[in-house]
Amino acid sequence: MSHTSFGWYVGIDWATQAHQVILLDAERQVLGERSVPHTGGALAELADWLTAVCGGAVDRVAVAIEMPRGTVVETLLERGFAVFALNPKQLDRFRDRYTVAGAKDDRRDALVLAASLITDQPAFRPVRLDDPQVIRLRELARLEAELHQEEARLTNRLRDLLHRIYPQVLRLSPAADEPWVWALLELAPTPVDARQLTRPALSKLLRAHRIRRLTADTVLAHLQAPPLRVAPGTVEAVGEHIGLLIPRVRLVHEQRAHCRRRLERVLATMAEHAPGQCGEHRDVEILRSLPGVGRLVAATMLAEASQLLAQRDYHALRAQGGIAPVTRQSGTRARVDMRYHCNHRLRNALYHWGRVSAQCDRLSRQHYQVLRGRGHNHGRAVRGVVDRLLLILMAMLRSQTSYDPTRRRAYAA
């Protein structure tokens, strides 16, 4: 990245209640500092102050901050300032230049940010405003991931409760994560209630949820098996707990399904925003043409790495996604490790992309098998598959062409 000279440099130590701000000139002389509350009026006053100091030449003011997005970043970008983001771990290393004792405070961090931007601008990442659809996509993708985790937690609790008093249900659905099981438990929350179920009622339930792997007779035989012997009152107490838990599980499940539908609509809108046009909206169609890229993988990649995809930055993308290994070498000793410090949402999406691609795509499966034959474990082989797919993706984005398996060798060249 080329180094651009600015006339003024601003360091902002981001906080929840108030942000510490310092302003330096090109000679690293302090021109002013202040604490800015996290309110709309205070942030507007900060932008006005910086504009007045630079005489209106906002394009010559560079701002350093640890956050790549948020209200502070968006306010400054909208006013025309150049904003650069730094990883907090890098800031920790830069801080050692100014204190060997390990001292840390908000004013010092703001000073380190501004001064380091003067001397080490290539280490900072320039920030730009995302497309409104990308912002919406990011929120929906993160919400879907949170709902998925919440649903897993709730179904795990339900499974544990069933294991205590009602293991017959787990023989029908070991994870207790299917809507028809929840409907069954609403009809018969305890083994005693299960004995009152009839074959027609079970047939109607299975038909409503389109369950064909089981018959009403099979379900009835499992539910009427001899129950566990537990202490008096346990069945009633746990059954009441199950009755209160099922509506929560169902609600989260429905919210997650609704979120997935909205994700699909946003992706479709982005792909159709400007038919035949090159750019980010064309990138959606190109990305989804690759094998193994589904709705959630595409949404997460576009949401978490929109700038890197727009810049066609293969090396930064594989590093942000945890695909690029970390080499540690000293003297005659060298070691290559997995990269753990990365964007974990992006890494999970890339992992599932590689895993599914190795299952459904012949060329990816062959590459996976070659890596496994070399002695690599499953995770390392999947990362190798993704690494090659990212290289192909960058070539496709540069040429604005959809995936063609017959040209795969040309993409990777």
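In this chain, numbering begins with 1 at the start of the sequence shown. Basis for what follows: all heavy atoms, side chains included, without hydrogens, waters or symmetry-related copies.
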Just wondering, are more than 12 heavy atoms of other shown residues or ligands nearer than 6.0 Å to CZ in Arg153?
yes
Basic-acidic side-chain contact under 4.0 Å: Glu139, Arg69:
no
Regarding Tyr314 and Arg318, is there a side-chain donor-to-acceptor distance under 3.5 Å anywhere?
yes
Between Asp217 and Thr215, does any side-chain donor sit less than 3.5 Å from a side-chain acceptor?
no
Whether Trp182 side chain and Pro247 backbone form a donor-acceptor pair below 3.5 Å:
no
So that I can tick it off, tell me whether Arg256 and Glu144 are bridged by a salt bridge, with the cut-off set at under 4.0 angstrom between side-chain N and carboxylate O.
yes
So among Asp105, Asp13, Asp109, which one has a salt bridge (Lys or Arg N to Asp or Glu O under 4.0 Å) with Arg95?
Asp109
Could you pull out the closest heavy-atom pair between Pro37 and Ala42, with the gap in Å?
O-CB, 3.3 Å
Tell me, yes or no, whether the heavy-atom count around His378 atom NE2, taken from other residues, nucleotides or ligands under 6.0 Å, exceeds 12.
yes
Show the numbers, then the answer: is there a salt bridge (Lys or Arg N to Asp or Glu O under 4.0 Å) between Asp177 and Arg159?
CA-CA 8 Å; Asp177 58 352; Arg159 184 189 60 192; over 6 Å; no
Check whether more than 12 heavy atoms from other residues, nucleotides or ligands sit under 6.0 Å from atom NE2 of His344, and answer yes or no.
yes
Under a 4.0 Å threshold between the charged nitrogen and the carboxylate oxygen, would Arg260 count as salt-bridged to Glu151?
no
Please indicate whether Arg333 has more than 12 foreign heavy atoms, meaning atoms of other residues, nucleotides or ligands, lying under 6.0 Å from its CZ.
no
Are Arg125 and Asp313 close enough for a salt bridge, meaning some N to O gap below 4.0 Å?
no
Apply side-chain contact (heavy atoms from CB on, under 4.5 Å) to the pair Ile22 and Leu113, showing each step before the final yes or no.
CA-CA 9 Å; Ile22 191 168; Leu113 280 165; over 6 Å; no
Per-pair distances, 0.1 Å, donor-acceptor, side chain in residues 235-246, under 3.5 Å, sequence neighbours excluded:
residue : atom : partner : partner atom : Å
His241  : NE2  : Arg157  : NH2          : 3.4

Salt-bridged, Arg250 to Glu186, with N to O below 4.0 Å?
yes
Electrostatic pair Asp387:Arg380 at N-O distance under 4.0 angstrom
no
